[in-house]
Each structure stands twice: as structure tokens, then as C-alpha cells.
Amino acid sequence: MEETKKRLYQQLIESHIELNQHLSVHPLVKHYIEQEKNDIKHALSKFDNDTFGICEFSGELIPLDIMHHLPTIRNNNEWKEIHKKFGKSSIPYGG
């Protein structure tokens, strides 16, 4: 598990660097880039606080397979909403 978290941490760092290099003048695109950068910074701060992968509402662990798909996720409810809106019915979710 620790190895997976290390990989996720590295992916977040690389994503942040890439977003910093993207220069867009379109206000909507800029907004989404800034929003994603803020989400990444928040996820990185959770590594520093040793709370990465922990639901901000319940304090329960967020399943690692979910963290792998969306390392900036903050809580289990967020995943349920994303899954409900975009997920396929054949994807099992135990939450």
C-alpha cells in the first residue's frame, strides 16, 4: 500500500508541474486549471498531514482503487456522486 501511495504522490507532483506549464488565456480553461491545481495542492498537503486516503467527513479510509483513479478525491460521498453520474452499472462499489 505504501508503494501505491508513493506512486500517487509522484503522479500528483507531475500533474501539478504540467498544469503550471500550461498557459491558457481563455478564462474558463484558466479557471479549471486553477481549480485542479488547488485540488492537487490539497491532496499533497494531506500527505504531509498523514491524512491522504481518509474521508474528510467520516474519517474512514477511501478505497485505494478509488484513490488510484482520482487521487484528489476528498470524501466517499464525492466518489458516490461521480460514480452515479458517470459510472457504469457493472462497476462494483462496496460503499
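Numbers here are sequence positions counted from 1.
By the side chain to side chain contact (heavy atoms under 4.5 Å, CB included) test, Ser15 pairs with Ile40, sequence neighbours left out. Partners of His42 by side-chain hydrogen bond (donor to acceptor under 3.5 Å, both in side chains), not counting sequence neighbours, listed by chain and number: Glu56. Looking at residues two or more places apart in sequence or on another chain, you find a side chain to side chain contact (heavy atoms under 4.5 Å, CB included) between Asn75 and Cys55, Phe57, Asn77, Glu78. Considering only residues two or more places apart in sequence or on other chains, Glu14 meets the side-chain hydrogen bond (donor to acceptor under 3.5 Å, both in side chains) condition with Gln10. With sequence neighbours excluded, the residues that form a ring-ring contact (aromatic ring centres under 6.0 Å, His included) with Phe47 are Tyr9, Phe52. Under the rule for a side-chain hydrogen bond (donor to acceptor under 3.5 Å, both in side chains), the partners of Asn20 that lie at least two apart in sequence or sit in another chain are His16, Lys37. Remark: Gln35 pairs with no residue by the side-chain hydrogen bond (donor to acceptor under 3.5 Å, both in side chains) rule, at least two apart or across chains.
When hydrophobic clusters are built by joining Ile, Leu, Val, Met, Phe, Trp and Tyr residues whose side-chain heavy atoms come closer than 4.5 Å, directly or via intermediates, Ile33 is grouped together with Ile13. Leu28 and Leu19 end up in different hydrophobic clusters when Ile, Leu, Val, Met, Phe, Trp and Tyr side chains are linked at under 4.5 Å.
Note: Gln11 CD to Glu18 CD = 10.5 Å, rounded to the nearest 0.5 Å. To the nearest 0.5 angstrom, Leu8 atom CG is 10.5 Å from His69 atom NE2.
Side-chain contact between Glu60 and Asn76 is present, with at least one heavy-atom pair separated by less than 4.5 Å. Contact of the Arg74 side chain with the Ile62 side chain is not registered, since no non-hydrogen atoms from C-beta on lie closer than 4.5 Å. Using a 4.5 Å heavy-atom threshold, the side chains of Thr4 and Met67 count as separate. No side-chain heavy atom of Ile66 sits less than 4.5 Å from a side-chain heavy atom of Leu64.
When all heavy atoms of Ala43 and Pro71 are compared, the closest pair comes out as CB-O, 3.8 Å.
Annotation: Asn49, atom CG; neighbour count of heavy atoms from other residues, nucleotides and ligands within 6.0 Å is above 12. Heavy-atom contacts from other residues, nucleotides or ligands closer than 6.0 Å to NE2 of His31 number more than 12.
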Could you give me the CA-CA distance, side-chain angles and deciding distance for Thr72 and Leu12, then say whether side chain to side chain contact (heavy atoms under 4.5 Å, CB included) is met?
CA-CA 8 Å; Thr72 57; Leu12 287 166; 3.8 Å; yes

